[in-house]
Amino acid sequence: CLLFLIALIPVDSGKNAVEFALYTDYTGGLRVELHDPAETERPADVPDVYLPHGVLRAARGFCLTLLLFWFVAATASFTFGLAAYFDGMQYLTRHSAVCRDERLNRIYASAKKKVGIRRNIPLRIMKPDVRISPCTCGILFPSVYIGGDCPDDYSDLWLELIFMHELTHIRHWDTLTKLLTLFTTSFHILLPTAKVIRNAVCEDLEYLCDEAVLDKTGD
């Protein structure tokens, strides 16, 4: 927010150091004259800059090519990321089933109460041949997914902590944040920092969820 406000504040001393006068000749070339506003007459020793029509046309072509390449790269990055997300959601849904285990549902209900979520969020268990880390998927109608081995590998306390962590993702609307991050970083995908920022946002979301769980449960 601070950077946005700073960008709105004009930085101007009230006096232009140099003024440019642009003239196009009959060949399509561009002559640039430099003027000092403090002087009434333009000194004769100030050189003009002349850009031939061929140079201007090449510069325009280069800029349009770069802009087109940037647009294609941004569109491809966002489309690929969005397709990967929906493919992952379909895969999780297709290879899972709604939990019917009374023990898990009891622990899950306790976790929902501690997180402060009242709406219905399904808990789905993956098929035995699919191993995943616990995760959430979906924006408007999210679900929590756990591997079929989780009930046997973790105690009731650990399962409750896992459920609280995943439910906190839903409470914080982290999936929407990730999609917005995907959109903004895709626009700047040609910059080397785009993927770094995308990964950093995901790490921050995980940290914030862990912090929120610790605030409710203690060390």
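Note that the structure is predicted; figures quoted are calculated from it, not measured.
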For the [atom1] atom on [X], are there more than 12 heavy atoms of other groups (residues, nucleotides or ligands in this structure) within a distance under 6.0 Å?
X	atom1	result
Glu211	CD	yes
Tyr23	OH	yes
Arg94	CZ	yes

For Arg124, salt bridge (charged side-chain N to carboxylate O under 4.0 Å, His left out) partners two or more places apart: none
Non-neighbouring partners of Lys112 that pass salt bridge (charged side-chain N to carboxylate O under 4.0 Å, His left out), sequence neighbours left out: none
Can [Y] be reached from [X] by stepping across I, L, V, M, F, W or Y side chains whose heavy atoms are under 4.5 Å apart?
X	Y	result
Leu179	Val201	no
Phe187	Ile189	no
Phe183	Phe86	yes
Trp158	Leu167	yes
Leu159	Met126	no

Is the shortest side-chain heavy-atom distance between [X] and [Y] below 4.5 Å?
X	Y	value
Ile170	Glu166	no
Leu208	Thr168	no
Ile125	Leu104	yes
Cys202	Glu206	no

Residue pairs passing the salt bridge (Lys or Arg N to Asp or Glu O under 4.0 Å) test where at least one lies in residues 73-90, sequence neighbours excluded: none
Salt bridge (Lys or Arg N to Asp or Glu O under 4.0 Å): pairs with one or both residues in residues 170-189, sequence neighbours excluded: none
Indicate yes or no for a side-chain donor-acceptor contact from [X] to the backbone of [Y] under 3.5 Å, with no hydrogens or angles considered.
X	Y	value
Thr177	Trp173	yes
Trp70	His188	no
Ser186	Leu182	yes

Asp210: partners by side-chain contact (heavy atoms from CB on, under 4.5 Å), with sequence neighbours left out: His165
Pair listing, ring pair (Phe, Tyr, Trp, His ring centres under 6.0 Å) test, anchored in residues 93-125, at least two apart: Tyr91-His95, Tyr108-Phe163
Say you draw a straight line from [atom1] of [X] to [atom2] of [Y]; how long is it, rounded to the nearest 0.5 Å?
X	Y	atom1	atom2	value
Ser77	Leu82	OG	CG	11.0 Å
Met164	Lys113	CE	NZ	12.5 Å
Asn199	Thr193	CG	OG1	11.5 Å
Met89	Cys137	CE	SG	5.5 Å
His169	Leu205	NE2	CG	7.0 Å

Can you name the side chain to side chain donor-acceptor pair (under 3.5 Å) partners of [X], sequence neighbours left out?
X	result
Gln90	none
Arg103	Asp156
Asp101	none
Thr185	Arg198

Pair Cys99-Asn105, side chain to side chain contact (heavy atoms under 4.5 Å, CB included): steps then yes or no: CA-CA 7 Å; Cys99 178; Asn105 287 331; 3.6 Å; yes
Heavy-atom closest pair, residues Leu190 and Ala73: CD2-CB, 3.9 Å
Residue pair Val196 / Pro192: nearest heavy atoms and the distance that separates them: CG2-O, 3.9 Å
Verdict with supporting geometry, Leu92 and Ile132, side chain to side chain contact (heavy atoms under 4.5 Å, CB included): CA-CA 9 Å; Leu92 291 172; Ile132 65 166; 3.9 Å; yes
Ignoring hydrogens and angles, write down the donor-acceptor pairs under 3.5 Å from the side chains of residues 52-65, residues two or more places apart or on other chains.
unit_1 : atom_1 : unit_2 : atom_2 : d
Thr65  : OG1    : Gly61  : O      : 2.7

N/O donor to acceptor pairs below 3.5 angstrom from side-chain atoms of residues 139-154, sequence neighbours left out:
unit_1 : atom_1 : unit_2 : atom_2 : d
Tyr145 : OH     : Thr93  : OG1    : 3.2
Asp149 : OD2    : Arg131 : NH1    : 3.2
Asp149 : OD2    : Arg131 : NH2    : 3.0

